[in-house]
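Only one structure is covered here, and it is reproduced in the block below.
Numbering of ligands and ligand atoms starts at 1, following listing order. These values consider heavy atoms only, across backbone and side chains, with no hydrogens, waters or symmetry-generated copies.
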Amino acid sequence: MQNTSPINILLVDDRKENLLSLTAVLDSSEYNLICATNGEEALKLTLQIEFAVILLDVDMPIIDGFEVAKLIKQREKSKHIPIIFVTAHGDELEFVTRGYEIGAIDYIVKPFQPENLRSKVESLVSMHRNFQEKLQHQSFDTIRFAGEIAVGIAHEIRNPMTTVFGLLQMFKSSHDRPSDSMIELMLSELNQANMIMSEFLYLAPNKRVDLERKDINQLIRHISPSLKKLAEDHGIVLELNLKDALEVSIDPKEFNMLLLNLSKNGIEAMQPGQKLMIHTYLSPTGEIVLQIRDEGNGIEENVIPHIGTPFFTTKETNKGLGLAVSFSIAKRHNAWINYETGDQGTTFSIRFKPDSDR
Ligand SMILES: Nc1ncnc2c1ncn2[C@@H]1O[C@H](COP(=O)(O)OP(=O)(O)OP(=O)(O)O)[C@@H](O)[C@H]1O
Ligand SMILES: [Mg+2]
């Protein structure tokens with residue numbers, strides 16, 4: 001999208017005649033030229049207005065151009081604005097070096113050549129425009145992503161709500177008390193909505209983690225009976241290959257959730273009689289690695305770009321939160337996840353850095 005609104009440029013010089021000649025050279029409908037006759041005024045303006053470029057005279061009374069530039073570069077709001085110094089001392093090395101150290105982008109030596117000044121300003125303005133466009137696209141992407149998530153949650157929560165709402169409406173217009181089984185149904189629907197919200201909250205980047213130093217093999221052995229049951233219900237064999245104690249600081253609840261999500265994916269990707277393998281080991285670089293390997297047909301090619309996107313699923317009754325939650329958990333543990341996939345199956349590896357490297 002082309003940004004066509006005029007671009008603000010700040011011109012700072014204590015001599016009015018210099019400001020007049022700068023405005024005459026840069027006069028264009030594309031620019032909104034704003035003038036300041038001293039450093040203080042310039043600093044005030046940079047707080048109020050977004051500038052694409054500042055042209056700053058060096059020799060000014062009270063606060064000189066170098067001081068003004070230093071203060072502009074110290075402030076969060078203005079530190080990114082490119083500054084071009086306009087000076088009569090451009091040929092003196094000390095001045096040039098000082099200007100660049102402070103963060104000046106360029107120099108114009110008085111008396112300046114109009115063409116030279118115009119082209120320098122033009123190139124900085126075009127950089128500013130590109131940056132603004134990029135920012136705009138990024139915020140569009142963020143809004144679209146937030147929108148997709150909102151649709152996902154609304155869909156998941158509305159289903160149980162619709163059931164409970166319908167049942168309550170029905171009982172409102174009847175004199176009968178709801179039967180125990182109806183109450184049970186409503187409770188289980190509300191419970192379902194609650195579970196979706198709890199799972200969804202695992203995606204929050206700042207979710208609290210309660211780290212404890214734990215042997216991950218012990219954690220795996222502890223939840224292996226329920227994993228085994230889940231596998232058996234699908235006719236899948238669970239195989240554990242766990243070596244000696246592998247201790248690392250971890251939130252046990254989050255670790256279990258990660259293991260469950262990835263195991264469930266493996267189990268759901270396979271046919272009865274196939275095998276899910278959970279393997280842990282210490283890598284030569286000291287990382288603690290958890291691997292979950294299945295013998296399914298691999299992740300479909302068109303699914304790969306969506307891996308980790310909340311509410312993306314190819315399954316009829318699933319929510320599509322498993323991988324997004326797993327990536328979020330790994331991030332909170334400074335661990336990274338990668339996967340290899342093909343028609344022989346998929347292996348997810350989660351690498352936890354040793355505590356000493358965190
Ligand atoms: N091991 C795997 N083999 C093949 N495809 C997989 C595997 N793991 C994930 N996928 C694909 O990635 C998609 C997203 O996985 P994710 O775990 O995020 O959601 P889900 O399993 O569909 O739902 P949920 O985890 O919420 O029950 C799956 O629907 C599936 O298509
Ligand atoms: Mg899943």
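- Using a distance-only test at 3.5 Å, with no hydrogens or angles considered, a donor-acceptor pair links the side chain of Lys77 to the main chain of Leu47.
- At a threshold of 4.5 Å between side-chain heavy atoms, the hydrophobic network of Ile, Leu, Val, Met, Phe, Trp and Tyr places Met257 and Leu201 in two separate groups.
- Relative orientation of the Phe311 and Phe200 rings is parallel, given thresholds of 30° and 60° on the angle between their planes.
- Annotation for Asn8 and Glu50: closest pair ND2-O, 3.1 Å, computed over non-hydrogen atoms.
- Under a 4.0 Å N-O distance rule, the pair Lys353/Glu287 does not qualify as a salt bridge.
- Remark: ligand 1 atoms within the under-4.0 Å shell around heavy atoms of Lys319 are 23 (O), 26 (O).
- With hydrogens and angles ignored, the 3.5 Å screen pairs a side-chain donor or acceptor of Asp64 with a backbone N or O of Phe66.
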Chi angles and distances behind the salt bridge (Lys or Arg N to Asp or Glu O under 4.0 Å) call for Arg15, Asp59: CA-CA 10 Å; Arg15 296 171 69 122; Asp59 298 305; over 6 Å; no
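- For the pair Lys214 and Phe255, the cation-pi criterion (under 6.0 Å, within 45° of the ring axis) is not fulfilled.
- Counting atoms of ligand 1 from 1 in the listed order, those under 4.0 Å from a heavy atom of Gly298 are 4 (C).
- Only the side chain of Asp294 comes within contact range of ligand 1, with a heavy atom under 4.0 Å; no backbone atom does.
- Not a single heavy atom of Gly345 lies less than 4.0 angstrom from ligand 1.
- Taking a 4.0 Å cut-off on heavy atoms, Gly320 registers as neighbouring ligand 1.
- The shell of residues lying under 4.0 angstrom from ligand 1, judged by heavy atoms, excludes Asn261.
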Evaluate the salt bridge (Lys or Arg N to Asp or Glu O under 4.0 Å) criterion for residues Glu232 and Lys228: first the C-alpha distance (whole Å), next the side-chain angles of each, then the deciding distance (0.1 Å), finally the verdict. CA-CA 6 Å; Glu232 278 170 6; Lys228 200 162 171 241; 3.7 Å; yes
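- Around the Mg ion (ligand 2), the protein N, O or S atoms closer than 2.8 Å are Asn265 OD1, listed by chain and residue number.
- In the candidate list Thr346, Ile307, Val325, Ile299, Ile299 is nearest to atom 5 (N) of ligand 1, counting heavy atoms.
- Taking 4.0 Å as the cut-off, Lys264 counts as a neighbour of ligand 1 on heavy-atom distance.
- Below 4.0 Å from some heavy atom of Thr313 lie the following atoms of ligand 1, by number and element: 20 (P), 22 (O), 29 (O).
- Interface atoms of ligand 1 facing Lys315, defined by a heavy-atom separation under 4.0 Å, are 20 (P), 21 (O), 22 (O), 28 (C), 29 (O).
- Both the backbone and the side chain of Leu323 come within 4.0 Å of ligand 1, judged by heavy-atom distances.
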